[in-house]
Amino acid sequence: MDFSPNYNLVEELKWRGLFHQAVPGTENLLLEEMTTGYVGFDPTADSLHIGNLVPIILLVHLQRAGHKPIALVGGATGMVGDPSGKKSERQLLDSSTITHNLESQKKQLEQFLDFDKGLNSAEVVNNYDWFKNISFLDFIRDVGKHISVNYMMAKDSVKNRLEDGMSFTEFSYQLVQGYDFYHLWKEKNVKLQMGGSDQWGNIVTGTELIRRKGNGKGFSLTAPLITKSDGSKFGKSEGGNVWLDAKKTSPYQFYQFWMNTSDEDAERYIKIFTLHDKAYIDNLIQEHRNAPHMRLLQKDLSAYITKWVHGESGYNTAIAASNILFGKATSESLRNLSEDDFFSIFEGVKKHQIFEIQGVNIVEICAESGFLASKSEAKRALKENSVSVNSEKVTEDFNFSNTDLINDKYILLQRGKKNKFILIKK
RNA sequence: GGGGAGAUACCAGAGCGGUCAAAUGGGGCAGACUGUAAAUCUGCUGCUUCGGCUACGUAGGUUCGAAUCCUACUCUCCCCA
(Lines give C-alpha, C1' and ligand atoms only; values in the text may rest on other atoms or scores of the structure.)
Protein backbone atom coordinates (compact mmCIF):
# COMPACT_ATOMS: atom_id res chain seq x y z
CA MET A 1 0.00 0.00 0.00
CA ASP A 2 2.97 2.32 -0.35
CA PHE A 3 1.93 3.56 -3.70
CA SER A 4 2.75 7.04 -4.78
CA PRO A 5 1.76 8.30 -8.20
CA ASN A 6 4.14 10.08 -10.50
CA TYR A 7 1.82 13.02 -10.47
CA ASN A 8 -1.63 14.06 -9.36
CA LEU A 9 -3.66 13.00 -12.35
CA VAL A 10 -6.71 15.11 -11.59
CA GLU A 11 -4.63 18.23 -11.14
CA GLU A 12 -2.69 17.49 -14.28
CA LEU A 13 -5.86 17.04 -16.31
CA LYS A 14 -7.31 20.20 -14.85
CA TRP A 15 -4.57 22.55 -15.99
CA ARG A 16 -4.56 20.89 -19.37
CA GLY A 17 -8.25 21.49 -19.83
CA LEU A 18 -8.94 17.78 -19.88
CA PHE A 19 -11.05 17.63 -16.78
CA HIS A 20 -14.80 17.93 -16.88
CA GLN A 21 -16.14 16.11 -13.87
CA ALA A 22 -15.44 13.18 -11.60
CA VAL A 23 -17.24 11.23 -8.95
CA PRO A 24 -16.24 12.56 -5.50
CA GLY A 25 -13.26 10.69 -4.12
CA THR A 26 -11.69 9.99 -7.49
CA GLU A 27 -8.75 12.27 -6.88
CA ASN A 28 -7.94 10.65 -3.53
CA LEU A 29 -8.22 7.19 -4.98
CA LEU A 30 -5.68 8.06 -7.63
CA LEU A 31 -3.31 9.47 -5.07
CA GLU A 32 -3.53 6.54 -2.72
CA GLU A 33 -3.43 3.41 -4.78
CA MET A 34 -2.42 2.17 -8.15
CA THR A 35 -5.73 2.23 -9.94
CA THR A 36 -6.83 0.35 -12.98
CA GLY A 37 -8.93 2.52 -15.24
CA TYR A 38 -10.50 1.99 -18.60
CA VAL A 39 -11.98 3.78 -21.57
CA GLY A 40 -14.32 2.24 -24.10
CA PHE A 41 -14.11 2.65 -27.87
CA ASP A 42 -16.98 2.12 -30.24
CA PRO A 43 -16.16 0.11 -33.36
CA THR A 44 -18.22 2.29 -35.69
CA ALA A 45 -15.44 2.62 -38.27
CA ASP A 46 -12.31 0.76 -39.26
CA SER A 47 -10.14 3.54 -37.95
CA LEU A 48 -10.10 5.83 -34.97
CA HIS A 49 -10.34 9.52 -35.70
CA ILE A 50 -9.04 12.55 -33.91
CA GLY A 51 -12.19 12.78 -31.85
CA ASN A 52 -10.96 9.62 -30.17
CA LEU A 53 -7.64 11.20 -29.27
CA VAL A 54 -8.91 12.73 -26.06
CA PRO A 55 -10.01 9.43 -24.52
CA ILE A 56 -6.74 7.90 -25.69
CA ILE A 57 -4.81 10.68 -24.05
CA LEU A 58 -6.72 10.12 -20.84
CA LEU A 59 -5.38 6.58 -20.84
CA VAL A 60 -1.89 7.80 -21.64
CA HIS A 61 -1.95 10.19 -18.70
CA LEU A 62 -3.35 7.50 -16.46
CA GLN A 63 -0.42 5.29 -17.31
CA ARG A 64 2.16 8.04 -17.04
CA ALA A 65 0.87 8.87 -13.60
CA GLY A 66 1.62 5.28 -12.64
CA HIS A 67 -1.75 3.62 -13.00
CA LYS A 68 -2.88 0.78 -15.18
CA PRO A 69 -4.81 1.64 -18.37
CA ILE A 70 -7.22 -0.64 -20.15
CA ALA A 71 -8.62 0.14 -23.57
CA LEU A 72 -11.91 -1.59 -24.13
CA VAL A 73 -13.03 -2.21 -27.67
CA GLY A 74 -16.74 -2.62 -27.94
CA GLY A 75 -17.40 -5.89 -29.70
CA ALA A 76 -20.62 -6.19 -27.73
CA THR A 77 -21.62 -2.57 -27.28
CA GLY A 78 -20.94 -2.02 -30.97
CA MET A 79 -23.68 -4.54 -31.70
CA VAL A 80 -26.15 -2.37 -29.83
CA GLY A 81 -25.21 1.21 -30.68
CA ASP A 82 -24.69 4.06 -28.27
CA PRO A 83 -27.53 6.58 -28.49
CA SER A 84 -25.52 9.30 -26.72
CA GLY A 85 -25.51 12.47 -28.74
CA LYS A 86 -27.48 10.86 -31.57
CA LYS A 87 -30.65 12.42 -32.83
CA SER A 88 -31.99 9.34 -34.49
CA GLU A 89 -31.75 5.59 -34.43
CA ARG A 90 -28.51 4.21 -35.74
CA GLN A 91 -28.00 1.72 -38.45
CA LEU A 92 -26.75 -1.52 -36.98
CA LEU A 93 -23.45 -2.83 -38.24
CA ASP A 94 -23.15 -6.49 -39.05
CA SER A 95 -20.84 -8.53 -36.93
CA SER A 96 -18.16 -9.11 -39.55
CA THR A 97 -17.81 -5.36 -40.03
CA ILE A 98 -17.60 -4.91 -36.30
CA THR A 99 -14.91 -7.53 -36.01
CA HIS A 100 -12.92 -5.92 -38.77
CA ASN A 101 -13.27 -2.46 -37.22
CA LEU A 102 -12.33 -3.82 -33.86
CA GLU A 103 -9.10 -5.30 -35.09
CA SER A 104 -8.09 -2.12 -36.88
CA GLN A 105 -8.82 0.05 -33.90
CA LYS A 106 -7.01 -2.30 -31.59
CA LYS A 107 -3.80 -1.89 -33.57
CA GLN A 108 -4.11 1.86 -33.46
CA LEU A 109 -4.71 1.93 -29.74
CA GLU A 110 -1.66 -0.17 -29.16
CA GLN A 111 0.69 2.44 -30.52
CA PHE A 112 -0.21 4.91 -27.80
CA LEU A 113 0.13 2.74 -24.74
CA ASP A 114 2.96 0.85 -23.10
CA PHE A 115 2.28 -2.86 -22.82
CA ASP A 116 5.52 -3.68 -21.14
CA LYS A 117 5.56 -1.66 -17.99
CA GLY A 118 5.35 -4.23 -15.25
CA LEU A 119 2.44 -3.78 -12.92
CA ASN A 120 0.90 -0.96 -14.83
CA SER A 121 1.23 -2.40 -18.32
CA ALA A 122 -1.63 -1.48 -20.61
CA GLU A 123 -4.21 -3.99 -21.73
CA VAL A 124 -6.76 -4.16 -24.48
CA VAL A 125 -9.98 -6.05 -23.81
CA ASN A 126 -13.05 -6.76 -25.86
CA ASN A 127 -16.39 -6.76 -24.10
CA TYR A 128 -17.70 -9.37 -26.51
CA ASP A 129 -15.53 -11.86 -24.65
CA TRP A 130 -17.73 -11.71 -21.58
CA PHE A 131 -21.01 -10.89 -23.23
CA LYS A 132 -20.95 -13.84 -25.59
CA ASN A 133 -21.62 -16.20 -22.72
CA ILE A 134 -24.42 -14.29 -21.09
CA SER A 135 -27.91 -15.23 -22.15
CA PHE A 136 -30.60 -12.65 -22.60
CA LEU A 137 -32.63 -14.05 -19.72
CA ASP A 138 -29.66 -14.10 -17.41
CA PHE A 139 -28.90 -10.55 -18.31
CA ILE A 140 -32.32 -9.12 -17.67
CA ARG A 141 -32.59 -11.08 -14.40
CA ASP A 142 -29.13 -10.42 -13.02
CA VAL A 143 -28.44 -6.98 -14.36
CA GLY A 144 -31.75 -5.45 -15.36
CA LYS A 145 -33.20 -6.08 -11.95
CA HIS A 146 -30.81 -3.63 -10.37
CA ILE A 147 -31.54 -0.64 -12.52
CA SER A 148 -34.99 0.89 -12.77
CA VAL A 149 -36.51 2.09 -15.99
CA ASN A 150 -37.17 5.40 -14.29
CA TYR A 151 -33.45 5.74 -13.70
CA MET A 152 -32.64 4.92 -17.28
CA MET A 153 -35.24 7.29 -18.64
CA ALA A 154 -33.75 10.18 -16.75
CA LYS A 155 -30.56 9.99 -18.81
CA ASP A 156 -30.10 12.74 -21.38
CA SER A 157 -29.29 10.20 -24.06
CA VAL A 158 -32.76 8.73 -23.57
CA LYS A 159 -34.69 11.87 -22.68
CA ASN A 160 -33.58 13.63 -25.84
CA ARG A 161 -35.01 10.85 -27.91
CA LEU A 162 -38.34 10.40 -26.21
CA GLU A 163 -40.10 12.64 -28.71
CA ASP A 164 -38.71 11.09 -31.85
CA GLY A 165 -38.55 7.57 -30.61
CA MET A 166 -35.86 5.11 -29.83
CA SER A 167 -35.66 1.36 -30.10
CA PHE A 168 -35.44 -0.94 -27.13
CA THR A 169 -32.01 -1.88 -28.40
CA GLU A 170 -30.56 1.57 -27.98
CA PHE A 171 -32.47 2.11 -24.79
CA SER A 172 -30.70 -0.85 -23.27
CA TYR A 173 -27.29 0.37 -24.37
CA GLN A 174 -26.49 2.01 -21.07
CA LEU A 175 -27.13 -1.24 -19.25
CA VAL A 176 -24.76 -3.07 -21.52
CA GLN A 177 -22.03 -0.51 -21.09
CA GLY A 178 -22.80 -0.28 -17.39
CA TYR A 179 -22.31 -3.99 -17.09
CA ASP A 180 -18.85 -3.70 -18.66
CA PHE A 181 -17.77 -1.54 -15.80
CA TYR A 182 -19.29 -3.93 -13.29
CA HIS A 183 -17.62 -6.90 -14.93
CA LEU A 184 -14.20 -5.25 -15.07
CA TRP A 185 -14.58 -4.09 -11.49
CA LYS A 186 -15.38 -7.58 -10.35
CA GLU A 187 -12.91 -9.51 -12.47
CA LYS A 188 -10.01 -7.14 -12.88
CA ASN A 189 -10.35 -4.78 -9.95
CA VAL A 190 -11.02 -1.88 -12.30
CA LYS A 191 -12.18 1.05 -10.24
CA LEU A 192 -12.25 3.88 -12.72
CA GLN A 193 -13.96 4.54 -15.99
CA MET A 194 -13.03 7.54 -18.07
CA GLY A 195 -14.37 9.04 -21.27
CA GLY A 196 -15.74 12.12 -22.94
CA SER A 197 -18.34 14.14 -21.08
CA ASP A 198 -21.03 12.66 -23.32
CA GLN A 199 -20.30 9.32 -21.68
CA TRP A 200 -21.12 10.53 -18.19
CA GLY A 201 -24.58 9.03 -18.17
CA ASN A 202 -23.37 5.64 -19.33
CA ILE A 203 -20.49 5.65 -16.88
CA VAL A 204 -22.72 6.49 -13.96
CA THR A 205 -25.03 3.61 -14.80
CA GLY A 206 -21.93 1.47 -14.35
CA THR A 207 -21.06 2.91 -10.95
CA GLU A 208 -24.69 2.48 -9.97
CA LEU A 209 -24.58 -1.16 -10.94
CA ILE A 210 -21.40 -1.69 -8.97
CA ARG A 211 -23.05 -0.10 -5.98
CA ARG A 212 -26.32 -1.98 -6.14
CA LYS A 213 -25.26 -5.33 -7.45
CA GLY A 214 -21.72 -5.51 -6.15
CA ASN A 215 -22.10 -3.33 -3.10
CA GLY A 216 -18.89 -1.61 -4.11
CA LYS A 217 -17.75 1.72 -5.41
CA GLY A 218 -16.80 2.70 -8.93
CA PHE A 219 -15.16 5.96 -9.84
CA SER A 220 -15.36 8.02 -12.94
CA LEU A 221 -13.70 10.88 -14.65
CA THR A 222 -14.65 12.64 -17.86
CA ALA A 223 -12.99 15.09 -20.20
CA PRO A 224 -14.87 18.02 -21.68
CA LEU A 225 -16.04 18.09 -25.23
CA ILE A 226 -13.34 19.66 -27.38
CA THR A 227 -14.67 22.80 -28.99
CA LYS A 228 -13.52 25.23 -31.60
CA SER A 229 -13.59 28.92 -30.89
CA ASP A 230 -15.64 29.68 -33.97
CA GLY A 231 -18.37 27.29 -32.83
CA SER A 232 -17.99 24.71 -35.57
CA LYS A 233 -17.44 21.08 -34.70
CA PHE A 234 -13.97 19.94 -33.77
CA GLY A 235 -12.35 17.18 -35.76
CA LYS A 236 -13.87 17.70 -39.16
CA SER A 237 -12.13 18.95 -42.23
CA GLU A 238 -13.54 19.60 -45.70
CA GLY A 239 -13.56 15.90 -46.41
CA GLY A 240 -15.25 14.90 -43.17
CA ASN A 241 -13.55 13.11 -40.33
CA VAL A 242 -9.84 13.35 -39.78
CA TRP A 243 -8.74 9.75 -39.36
CA LEU A 244 -5.69 8.27 -37.72
CA ASP A 245 -5.32 5.75 -40.51
CA ALA A 246 -2.89 7.07 -43.11
CA LYS A 247 -4.92 5.44 -45.85
CA LYS A 248 -7.97 7.47 -44.95
CA THR A 249 -6.26 10.73 -44.06
CA SER A 250 -2.74 11.13 -45.40
CA PRO A 251 -0.03 12.34 -43.03
CA TYR A 252 0.10 15.53 -45.04
CA GLN A 253 -3.64 16.17 -44.61
CA PHE A 254 -3.38 15.21 -40.99
CA TYR A 255 -0.53 17.63 -40.42
CA GLN A 256 -2.40 20.37 -42.26
CA PHE A 257 -5.47 19.88 -40.12
CA TRP A 258 -3.51 20.81 -37.03
CA MET A 259 -1.55 23.49 -38.82
CA ASN A 260 -4.80 25.29 -39.59
CA THR A 261 -5.73 25.62 -35.94
CA SER A 262 -6.59 29.16 -34.99
CA ASP A 263 -4.36 30.97 -32.47
CA GLU A 264 -7.02 30.89 -29.84
CA ASP A 265 -7.62 27.16 -30.18
CA ALA A 266 -3.91 26.38 -30.47
CA GLU A 267 -3.29 27.63 -26.94
CA ARG A 268 -5.82 25.15 -25.63
CA TYR A 269 -4.95 22.28 -27.94
CA ILE A 270 -1.25 22.30 -27.16
CA LYS A 271 -2.16 21.44 -23.58
CA ILE A 272 -4.65 18.81 -24.51
CA PHE A 273 -2.96 16.98 -27.34
CA THR A 274 0.71 17.06 -26.37
CA LEU A 275 2.51 15.80 -23.29
CA HIS A 276 4.78 18.83 -23.02
CA ASP A 277 5.14 20.01 -19.44
CA LYS A 278 3.61 23.18 -18.15
CA ALA A 279 6.76 25.29 -18.20
CA TYR A 280 7.46 24.39 -21.82
CA ILE A 281 3.92 25.19 -22.85
CA ASP A 282 3.71 28.46 -20.95
CA ASN A 283 6.93 29.53 -22.56
CA LEU A 284 5.77 28.52 -26.02
CA ILE A 285 2.50 30.39 -25.65
CA GLN A 286 4.44 33.46 -24.59
CA GLU A 287 6.74 33.22 -27.56
CA HIS A 288 3.82 32.73 -29.84
CA ARG A 289 2.10 35.83 -28.54
CA ASN A 290 5.24 37.83 -29.08
CA ALA A 291 5.59 36.69 -32.65
CA PRO A 292 2.30 35.22 -33.79
CA HIS A 293 3.25 35.14 -37.45
CA MET A 294 5.86 32.51 -36.68
CA ARG A 295 3.02 30.13 -35.84
CA LEU A 296 5.11 28.39 -33.23
CA LEU A 297 2.12 26.86 -31.49
CA GLN A 298 0.61 25.43 -34.63
CA LYS A 299 3.96 24.07 -35.77
CA ASP A 300 4.73 22.43 -32.46
CA LEU A 301 1.24 21.02 -32.11
CA SER A 302 1.15 19.65 -35.65
CA ALA A 303 4.62 18.19 -35.40
CA TYR A 304 3.95 16.54 -32.06
CA ILE A 305 0.73 14.83 -33.00
CA THR A 306 1.78 13.93 -36.52
CA LYS A 307 4.89 12.21 -35.20
CA TRP A 308 2.86 10.47 -32.55
CA VAL A 309 0.35 9.11 -35.01
CA HIS A 310 2.37 8.70 -38.20
CA GLY A 311 5.93 8.49 -36.96
CA GLU A 312 8.98 10.43 -38.03
CA SER A 313 8.71 9.47 -41.69
CA GLY A 314 5.07 10.49 -41.98
CA TYR A 315 5.96 13.77 -40.39
CA ASN A 316 8.83 14.37 -42.80
CA THR A 317 6.60 13.77 -45.80
CA ALA A 318 4.04 16.15 -44.41
CA ILE A 319 6.66 18.84 -43.86
CA ALA A 320 8.11 18.39 -47.32
CA ALA A 321 4.70 18.68 -48.91
CA SER A 322 3.79 21.70 -46.82
CA ASN A 323 6.98 23.51 -47.71
CA ILE A 324 6.38 22.95 -51.38
CA LEU A 325 2.80 24.07 -51.21
CA PHE A 326 2.93 26.87 -48.75
CA GLY A 327 6.52 27.97 -49.00
CA LYS A 328 7.64 29.86 -52.02
CA ALA A 329 6.07 27.25 -54.19
CA THR A 330 7.10 27.89 -57.71
CA SER A 331 6.77 25.96 -60.83
CA GLU A 332 10.51 25.58 -60.49
CA SER A 333 10.46 23.72 -57.19
CA LEU A 334 7.69 21.45 -58.40
CA ARG A 335 9.67 20.51 -61.43
CA ASN A 336 12.70 19.72 -59.33
CA LEU A 337 10.87 17.02 -57.44
CA SER A 338 11.50 13.47 -58.41
CA GLU A 339 8.48 11.52 -59.49
CA ASP A 340 8.51 9.46 -56.31
CA ASP A 341 8.68 12.50 -54.10
CA PHE A 342 5.94 14.18 -56.03
CA PHE A 343 3.53 11.32 -55.58
CA SER A 344 4.36 10.71 -51.96
CA ILE A 345 3.84 14.39 -51.21
CA PHE A 346 0.55 14.51 -53.01
CA GLU A 347 -0.66 11.24 -51.65
CA GLY A 348 -4.34 11.60 -50.95
CA VAL A 349 -4.82 14.33 -53.54
CA LYS A 350 -7.40 13.40 -56.14
CA LYS A 351 -5.99 12.27 -59.44
CA HIS A 352 -7.32 11.88 -62.93
CA GLN A 353 -5.87 10.27 -66.02
CA ILE A 354 -5.82 12.12 -69.25
CA PHE A 355 -4.85 11.08 -72.73
CA GLU A 356 -4.11 14.26 -74.59
CA ILE A 357 -3.07 17.55 -73.15
CA GLN A 358 -1.57 19.49 -76.04
CA GLY A 359 -3.80 22.40 -76.95
CA VAL A 360 -6.63 21.55 -74.56
CA ASN A 361 -8.31 24.47 -72.86
CA ILE A 362 -8.20 24.90 -69.11
CA VAL A 363 -11.98 25.12 -68.78
CA GLU A 364 -12.46 21.78 -70.50
CA ILE A 365 -9.90 20.09 -68.33
CA CYS A 366 -11.28 21.43 -65.07
CA ALA A 367 -14.80 20.30 -65.83
CA GLU A 368 -14.07 17.00 -67.52
CA SER A 369 -11.45 15.71 -65.14
CA GLY A 370 -13.83 16.16 -62.24
CA PHE A 371 -11.66 18.79 -60.61
CA LEU A 372 -14.48 21.33 -60.71
CA ALA A 373 -18.16 20.54 -60.99
CA SER A 374 -18.98 22.10 -64.34
CA LYS A 375 -17.74 24.41 -67.02
CA SER A 376 -19.69 27.22 -65.50
CA GLU A 377 -17.93 26.71 -62.24
CA ALA A 378 -14.58 26.48 -63.98
CA LYS A 379 -15.19 29.77 -65.73
CA ARG A 380 -16.25 31.34 -62.51
CA ALA A 381 -13.14 30.14 -60.76
CA LEU A 382 -10.96 31.41 -63.56
CA LYS A 383 -12.66 34.77 -63.42
CA GLU A 384 -11.88 34.85 -59.72
CA ASN A 385 -8.25 34.31 -60.58
CA SER A 386 -8.12 31.34 -58.28
CA VAL A 387 -6.90 28.58 -60.57
CA SER A 388 -3.26 27.67 -60.92
CA VAL A 389 -1.45 25.22 -63.11
CA ASN A 390 1.78 24.03 -61.51
CA SER A 391 1.55 26.86 -59.00
CA GLU A 392 1.11 29.58 -61.58
CA LYS A 393 -2.16 31.43 -61.98
CA VAL A 394 -3.85 31.06 -65.31
CA THR A 395 -6.77 32.69 -67.08
CA GLU A 396 -9.67 31.39 -69.10
CA ASP A 397 -7.80 31.47 -72.40
CA PHE A 398 -5.05 29.21 -71.14
CA ASN A 399 -4.38 26.15 -73.27
CA PHE A 400 -2.17 23.34 -72.13
CA SER A 401 0.88 22.23 -73.98
CA ASN A 402 3.06 19.20 -73.45
CA THR A 403 5.68 21.35 -71.78
CA ASP A 404 3.32 21.82 -68.86
CA LEU A 405 3.76 18.18 -67.96
CA ILE A 406 6.17 17.76 -65.11
CA ASN A 407 8.55 14.91 -65.86
CA ASP A 408 6.47 14.48 -69.02
CA LYS A 409 3.79 12.93 -66.92
CA TYR A 410 1.74 15.00 -64.53
CA ILE A 411 0.28 18.42 -63.87
CA LEU A 412 -0.74 19.99 -60.58
CA LEU A 413 -3.98 21.94 -60.65
CA GLN A 414 -5.04 24.14 -57.75
CA ARG A 415 -8.01 26.22 -56.91
CA GLY A 416 -7.05 28.65 -54.21
CA LYS A 417 -4.45 27.45 -51.78
CA LYS A 418 -6.06 24.37 -50.45
CA ASN A 419 -7.80 22.54 -53.29
CA LYS A 420 -5.46 20.42 -55.31
CA PHE A 421 -5.82 18.02 -58.15
CA ILE A 422 -3.40 16.04 -60.24
CA LEU A 423 -3.65 15.18 -63.91
CA ILE A 424 -1.69 12.21 -65.08
CA LYS A 425 -0.94 11.70 -68.72
CA LYS A 426 -1.54 8.15 -69.84
C1' G B 1 -62.82 11.75 -37.01
C1' G B 2 -63.23 17.50 -37.48
C1' G B 3 -60.69 22.20 -38.49
C1' G B 4 -56.43 25.09 -39.93
C1' A B 5 -51.40 26.20 -41.89
C1' G B 6 -47.74 24.89 -45.10
C1' A B 7 -44.23 22.36 -48.93
C1' U B 8 -39.39 27.68 -52.77
C1' A B 9 -31.96 26.76 -54.35
C1' C B 10 -27.07 23.44 -49.32
C1' C B 11 -30.14 25.46 -44.87
C1' A B 12 -33.47 29.23 -43.02
C1' G B 13 -36.79 32.26 -45.40
C1' A B 14 -39.19 36.33 -48.82
C1' G B 15 -41.87 36.49 -53.33
C1' C B 16 -48.44 35.79 -54.37
C1' G B 17 -49.74 36.71 -62.72
C1' G B 18 -45.05 39.27 -66.55
C1' U B 19 -39.43 43.53 -64.72
C1' C B 20 -37.91 35.85 -61.13
C1' A B 21 -32.43 31.71 -62.23
C1' A B 22 -35.99 33.86 -57.73
C1' A B 23 -35.00 39.27 -52.20
C1' U B 24 -32.44 38.62 -47.47
C1' G B 25 -29.57 35.93 -43.85
C1' G B 26 -26.55 31.70 -42.85
C1' G B 27 -23.33 28.16 -44.93
C1' G B 28 -19.77 27.10 -48.87
C1' C B 29 -15.93 28.70 -52.49
C1' A B 30 -12.58 32.36 -54.13
C1' G B 31 -10.04 37.28 -54.03
C1' A B 32 -7.77 41.38 -51.01
C1' C B 33 -5.31 42.15 -46.25
C1' U B 34 -2.20 38.81 -43.27
C1' G B 35 0.83 34.52 -40.63
C1' U B 36 -1.56 28.33 -44.32
C1' A B 37 -4.84 32.18 -37.85
C1' A B 38 -8.93 35.34 -36.40
C1' A B 39 -11.53 39.62 -37.75
C1' U B 40 -12.79 42.67 -41.85
C1' C B 41 -13.88 44.01 -46.89
C1' U B 42 -15.13 42.28 -52.08
C1' G B 43 -16.94 38.82 -55.62
C1' C B 44 -19.23 34.18 -56.74
C1' U B 45 -22.68 30.29 -55.26
C1' G B 46 -28.38 25.71 -61.70
C1' C B 47 -26.54 23.89 -66.61
C1' U B 48 -25.00 25.42 -71.44
C1' U B 49 -22.34 24.20 -77.91
C1' C B 50 -23.69 31.33 -74.73
C1' G B 51 -28.72 30.64 -79.22
C1' G B 52 -30.86 28.95 -75.06
C1' C B 53 -32.25 24.85 -71.56
C1' U B 54 -34.09 22.91 -66.98
C1' A B 55 -35.88 24.62 -62.06
C1' C B 56 -40.14 26.98 -56.74
C1' G B 57 -43.48 19.03 -53.39
C1' U B 58 -46.00 15.55 -57.71
C1' A B 59 -49.51 15.36 -61.81
C1' G B 60 -52.79 17.98 -64.60
C1' G B 61 -55.50 22.71 -65.92
C1' U B 62 -56.55 28.23 -66.72
C1' U B 63 -53.70 32.12 -69.30
C1' C B 64 -50.28 35.29 -74.68
C1' G B 65 -47.53 34.45 -70.01
C1' A B 66 -47.50 30.88 -63.51
C1' A B 67 -43.10 30.01 -58.02
C1' U B 68 -47.52 33.03 -58.01
C1' C B 69 -54.55 31.32 -59.94
C1' C B 70 -57.60 26.37 -60.17
C1' U B 71 -58.02 20.78 -59.42
C1' A B 72 -56.28 16.20 -57.66
C1' C B 73 -52.47 13.64 -55.15
C1' U B 74 -48.31 13.00 -51.64
C1' C B 75 -45.99 14.66 -47.39
C1' U B 76 -45.20 17.97 -42.96
C1' C B 77 -46.85 20.89 -38.88
C1' C B 78 -50.65 22.92 -35.52
C1' C B 79 -55.46 22.96 -33.01
C1' C B 80 -60.06 20.36 -31.49
C1' A B 81 -62.43 15.36 -30.37
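Chain letters run A, B, ... following the sequence lines, proteins first, then strands; residues in each count from 1. From a predicted model like this one, the values you see are computed outputs, not experimental measurements.
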* Asked: Which is it for Tyr252(A) and Phe346(A) under the ring pair (Phe, Tyr, Trp, His ring centres under 6.0 Å) test, yes or no, and what are the steps along the way?
  -> CA-CA 8 Å; Tyr252(A) 163 73; Phe346(A) 294 108; 7.4 Å; no
Rounded distance in Å - [atom1] ([X]) to [atom2] ([N]):
X         : N      : atom1 : atom2 : result
Tyr269(A) : A37(B) : OH    : P     : 15 Å
Arg415(A) : U45(B) : CZ    : C1'   : 9 Å
Met259(A) : U34(B) : CE    : P     : 19 Å
Lys418(A) : G28(B) : NZ    : C1'   : 14 Å
Leu372(A) : C44(B) : CG    : C1'   : 13 Å
Glu364(A) : C47(B) : CD    : P     : 16 Å
Lys299(A) : A37(B) : NZ    : C1'   : 13 Å
Glu396(A) : U48(B) : CD    : P     : 12 Å

Given the [atom1] atoms of [N] and [M], what is the spacing between them in whole Å?
N      : M      : atom1 : result
A67(B) : A7(B)  : C1'   : 12 Å
U34(B) : A39(B) : C1'   : 11 Å
A55(B) : A22(B) : C1'   : 10 Å
G65(B) : G57(B) : C1'   : 23 Å
G17(B) : A38(B) : C1'   : 49 Å
C50(B) : A5(B)  : C1'   : 43 Å
A66(B) : C10(B) : C1'   : 26 Å
C11(B) : U58(B) : C1'   : 23 Å

* Among residues 374-382 of chain A, which contact RNA chain B at a heavy-atom distance under 4.0 Å? -> Ser374(A), Lys375(A), Ser376(A), Lys379(A), Arg380(A)
* For Phe41(A), all residues meeting ring-ring contact (aromatic ring centres under 6.0 Å, His included), sequence neighbours excluded -> none
* **5′-ward residue of the pair Ala373(A)/His293(A) relative to RNA chain B** => His293(A)
* Structure fact -> Result for 5'-nearest mapping on RNA chain B, choosing between Ala367(A) and Asn385(A), is Asn385(A)
* Structure fact -> Testing C29(B), U34(B), A37(B) for proximity to the side chain of Asn419(A), the answer is C29(B)
* For Thr249(A) and Trp243(A), indicate whether the former's side chain and the latter's backbone hold a donor-acceptor pair under 3.5 Å. => yes
* Would you check if the side chain of Gln177(A) reaches a backbone N or O of Asn202(A) as a donor-acceptor pair within less than 3.5 Å? => no
* Asked: Does the side-chain contact (heavy atoms from CB on, under 4.5 Å) test come out yes or no for Leu109(A) and Leu59(A), once each step is laid out?
  -> CA-CA 10 Å; Leu109(A) 286 166; Leu59(A) 286 175; 5.5 Å; no
* Report yes if a side-chain nitrogen or oxygen of Lys383(A) is closer than 4.0 Å to either non-bridging phosphate oxygen (OP1 or OP2) of U42(B); otherwise report no. => no
* State yes or no: are the ring centers of Phe234(A) and Phe273(A) separated by less than 6.0 Å? => yes
* Structure fact -> Stems field, RNA chain B, Watson-Crick or wobble, 3.5 Å, at least 3 pairs, by first number, holds B:1-7 with B:74-80, B:10-12 with B:24-26, B:27-32 with B:40-45, B:57-61 with B:69-73
* May I ask you to establish whether Arg212(A) and Tyr151(A) are in a cation-pi arrangement, using a distance under 6.0 Å from NZ or CZ to the six-membered ring centre and at most 45° from the ring axis? => yes
* To do: Determine, for Phe19(A) and Lys14(A), whether the Lys NZ or Arg CZ falls below 6.0 Å from the six-membered ring centre while staying within 45 degrees of the axis.
  => yes
* Asked: What do the steps show when you test Phe131(A) against Asp180(A) for side-chain contact (heavy atoms from CB on, under 4.5 Å), and what is the final call?
  -> CA-CA 9 Å; Phe131(A) 269 105; Asp180(A) 282 342; 3.1 Å; yes
* Asked: Taking O4'-C1'-N9-C4 for purines and O4'-C1'-N1-C2 for pyrimidines, is G18(B) syn (within 90° of 0) or anti?
  -> anti
* Taking the inter-plane angle between the rings of Phe168(A) and Phe171(A) on a 0 to 90° scale, is it parallel (under 30°), tilted (30 to 60°) or perpendicular (over 60°)? -> tilted
* May I ask you to decide whether Glu264(A) forms a salt bridge with Lys228(A), counting only side-chain N to carboxylate O separations under 4.0 Å? => no
* Asked: What does Glu264(A) touch in the nucleic acid at a heavy-atom separation under 4.0 angstrom: a base, only the sugar-phosphate, or nothing?
  -> nothing
* Look at the side chain of Glu384(A) against the base of G31(B) and say whether a donor-acceptor pair falls under 3.5 Å; ignore hydrogens and angles. => no
